[in-house]
**Student:** 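This is the structure, below, for whatever I ask next.
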Amino acid sequence: MKEQNSKRAWKPVSFGEAMIILIGMLLIMGLGVIKFGLSPMTPVLLVIALVILWAKVRGAEWDDIHGGIIDGIKTGIIPIFIFLLIGALISVWIAAGIIPSMMVLGFHLISAQWFVPSVFLVCAIVGTSIGSAFTIISTIGIALFGMGTAMGFNPALVAGAIISGAIFGDKTSPLSDSTNLASAIAESELFAHIKNLMWSTIPAFLVSLVLYFLLGTGASNANALGKVNQTIATLNGHFSITWWAALPIILMFVCAWRKVPSIATLLLNIVLGIVMLFIEKPSTSLSSIATMIESGFVSKTGNASVDALLTRGGISAMMSTVSLIILTLTLGGLLMKFNIIQTAMVPLAQRLKNTGSVVTAAILSGIGVNVFVGEQYLSVILPGKAFKQTFNDRGLDNLALSRVLEDGGTVINYLVPWGVAAVFAANTLGVSTLAYLPFCFFSLLSPVFSILSGFTGVGLKRLPSSNDQSATAATVAAPRREGQGA
């Protein structure tokens, strides 16, 4: 009986009502984070409270609200567990000398003059092999960031290069969760999807590389080299710098090659790091390792910059990110439960007629979901469902849609201050999202080149010619009717 009453009391959400809600959400979160400098969690929590209040006023039952929350959160259980494992991995890798060894090796191999473009290339190459931007940022990203700050580079620029390279690798790897998700939502073949991504990904990559060359070279001065030598001496004096540090990296590549799931890969690397720590420091107690895994590694070298860089990791350090994930997933679940985002997107998708506007609208929808919800998976799922039929009606292949979902969805989450990926990257590297955003060139450029492809038709995969011709005829006629109606 309660379910029947709920259905009678609930009226479908109108387009205008949905837009008012979404714009109100954007204002609250934008003002809270950007204007007043609040943590993203408080504005998101306020928005959740207001959405629940709105739903109750409209007649929703608490069972409906709870169901939306549960449906939203359950999609993030695996990522949440992965974040906790990454926190443990960071602390173990620092204590075992793995990240310090990577830093020392990098100082000897990478020229200060070409450091920032080298960082971008290294993260892109390794990221493609591993398929996880989070793993790249939290492992070699920390090492490269420490090197960059020691050399005197702008921390925001170095962070932007690390994150851009990691996103490129995540986007182009068949092992990436987000790449597989975009392919699955659009119902396109995975490797065909990755191949088709290159039409927007390669131009964005090349322009980003040029920009990093222009902005991130020429720091090989005496002061920078002096800081580097001091950092190397500090690392050698307080950590075990050895070739053994390559073993976890090799294990990670082997796991990627064997397609071992992320959870198993992280657990294996944590265990290997602990074993290496016991071998190098047999006197290490189990209680100290447990404390380190739970609370993070505390560096006590006496060098303030090194200590600030390497005092990090631990499960507790990831709890702020986990809290934000739960809040954003809760918000996303409520918005989906009450059809707010769907109501705002579907009419827009149905009104678009020419190819360029369809592609642009789909990308803007992905960006919008990132901004309104802060969750990258939903930024792929919702626009994918809303625009799939529209893409096919315009004569566009599923590969065109899957590429747009990547260019407007997964890469943008790192630019939204309350986005899950952005909060993770900011907390891991210690650079705020708004600080590194102007230098995260790959994320900024990917949607631009995708939109250009939509208007020019270059690299835009279409349906077989027979369907394409009929769709083109409809495209020519439809705007004329729409214009007359207006």
Side-chain angles (χ1 to χ4, degrees), residues 10-60 64-73 75-76 320-321 323-349 361-387 408-410 412-424 426 433-434 437 447:
W10 185 260
K11 297 179 181 179
V13 180
S14 67
F15 176 78
E17 188 177 12
M19 291 304 299
I20 290 173
I21 293 171
L22 293 176
I23 293 172
M25 288 170 45
L26 179 60
L27 289 174
I28 292 172
M29 293 190 291
L31 289 174
V33 175
I34 299 173
K35 174 68 174 176
F36 297 106
L38 301 177
S39 164
M41 285 185 282
T42 302
V44 173
L45 182 60
L46 175 58
V47 168
I48 290 172
L50 293 175
V51 170
I52 291 175
L53 176 62
W54 165 84
K56 287 300 296 178
V57 169
R58 287 183 105 261
D64 299 323
I65 294 171
H66 293 163
I69 294 173
I70 292 170
D71 290 342
I73 292 177
T75 62
S320 61
T321 303
S323 300
L324 182 63
I325 293 173
I326 293 174
L327 289 173
T328 55
L329 289 174
T330 296
L331 178 57
L334 292 171
L335 295 178
M336 291 182 68
K337 179 69 174 180
F338 300 114
N339 294 315
I340 296 172
I341 290 184
Q342 299 94 313
T343 300
M345 289 195 305
V346 172
L348 175 63
I363 288 177
L364 292 178
S365 295
I367 294 173
V369 173
N370 273 308
V371 170
F372 291 125
V373 184
E375 215 292 312
Q376 64 177 344
Y377 290 151
L378 291 179
S379 72
V380 172
I381 295 171
L382 294 179
K385 292 181 178 180
F387 281 87
T410 56
I412 300 298
N413 199 255
Y414 291 85
L415 305 181
V416 180
W418 49 86
V420 172
V423 172
F424 172 82
T433 302
L434 294 179
L437 186 153

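Please read these numbers as outputs of a predicted model, since none were measured by experiment. Throughout, residue positions are numbered sequentially from 1 according to the sequence presented.
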**Student:** Might you point out which heavy atoms bring Ser365 and Phe387 nearest each other, and give the distance in Å?
**Tutor:**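 Scanning both residues completely, I find the closest heavy atoms to be OG-CE1, 3.3 Å.
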**Student:** Please find the pair of heavy atoms, one from Ala344 and one from Met19, that lie closest to each other, and give the distance.
**Tutor:**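 Heavy-atom minimum between the residues: CB-SD, 3.8 Å.
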**Student:** Between the side chain of Trp418 and the main-chain N/O of Val371, is any donor-acceptor distance below 3.5 Å?
**Tutor:**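 At least one qualifying donor-acceptor pair exists.
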**Student:** Between Asn339 (side chain only) and Leu335 (backbone N and O only), is there a donor and an acceptor less than 3.5 Å apart?
**Tutor:**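 Checking the backbone N and O of Leu335 against the side chain of Asn339, no donor-acceptor pair under 3.5 Å is found.
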**Student:** Any heavy-atom pair between the side chains of Ser379 and Asn413 that's under 4.5 Å?
**Tutor:**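 They are not in side-chain contact.
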**Student:** So among Ile48, Leu46, Val47, which one has a side-chain contact (heavy atoms from CB on, under 4.5 Å) with Val44?
**Tutor:**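 Of the listed residues Ile48, Leu46, Val47, the side-chain contact (heavy atoms from CB on, under 4.5 Å) partner of Val44 is Ile48.
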**Student:** Listed by chain and number, what are the ring-ring contact (aromatic ring centres under 6.0 Å, His included) partners of Phe424, not counting sequence neighbours?
**Tutor:**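 Per chain and number, Phe424 pairs via ring-ring contact (aromatic ring centres under 6.0 Å, His included) with Phe83, Phe134.
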**Student:** Do Ile412 and Leu415 have side chains that get closer than 4.5 Å, going by heavy atoms?
**Tutor:**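 Yes; the side chains approach each other to less than 4.5 Å.
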**Student:** Ignoring hydrogens, what is the shortest heavy-atom contact between Gly32 and Pro43? Give both atom names and the distance.
**Tutor:**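 That closest heavy-atom pairing would be CA-CG, 4.1 Å.
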**Student:** Determine the minimum heavy-atom distance between Ile21 and Trp54, stating which atoms define it.
**Tutor:**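 So the two residues come closest at CD1-CE2, 3.5 Å.
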**Student:** Looking only at atom types and distance, does a side-chain atom of Asn370 sit under 3.5 Å from a main-chain N or O of Val416, one as donor and one as acceptor?
**Tutor:**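 Not a single qualifying donor-acceptor pair exists.
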**Student:** When rounded to the nearest 0.5 angstrom, what is the spacing between OG1 in Thr328 and CE in Met29?
**Tutor:**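 Thr328 OG1 to Met29 CE: 10.0 Å, rounded to 0.5 Å.
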**Student:** For the atom pair CG (Leu331) and CD1 (Ile69), what is the distance rounded to the nearest 0.5 Å?
**Tutor:**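 The distance works out to 10.0 Å.
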**Student:** Check the pair Ile65 / Lys56 against side chain to side chain contact (heavy atoms under 4.5 Å, CB included), numbers first and verdict last.
**Tutor:** CA-CA 9 Å; Ile65 294 171; Lys56 287 300 296 178; 3.6 Å; yes
**Student:** Under the side-chain contact (heavy atoms from CB on, under 4.5 Å) test, which residues partner Thr42, sequence neighbours left out?
**Tutor:**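 Partners of Thr42 under the side-chain contact (heavy atoms from CB on, under 4.5 Å) test: none.
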**Student:** Does Thr343 reach the side chain of Ser14, with side-chain heavy atoms less than 4.5 Å apart?
**Tutor:**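 Counting from C-beta outward, Thr343 and Ser14 never come under 4.5 Å.
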**Student:** Over all heavy atoms of both residues, which pair between Ile340 and Ala18 is shortest? Give the atoms and the distance, please.
**Tutor:**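 Minimum heavy-atom contact is O-CB, 3.4 Å.
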**Student:** On a heavy-atom basis, which atom in Thr433 and which in Tyr414 lie closest, and how many Å separate them?
**Tutor:**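 Taking every non-hydrogen atom into account, CG2-O, 3.7 Å.
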**Student:** Can you tell if the side chain of Lys337 reaches within under 4.5 Å of the side chain of His66, non-hydrogen atoms only?
**Tutor:**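 No, every pair of side-chain atoms sits at 4.5 Å or beyond.
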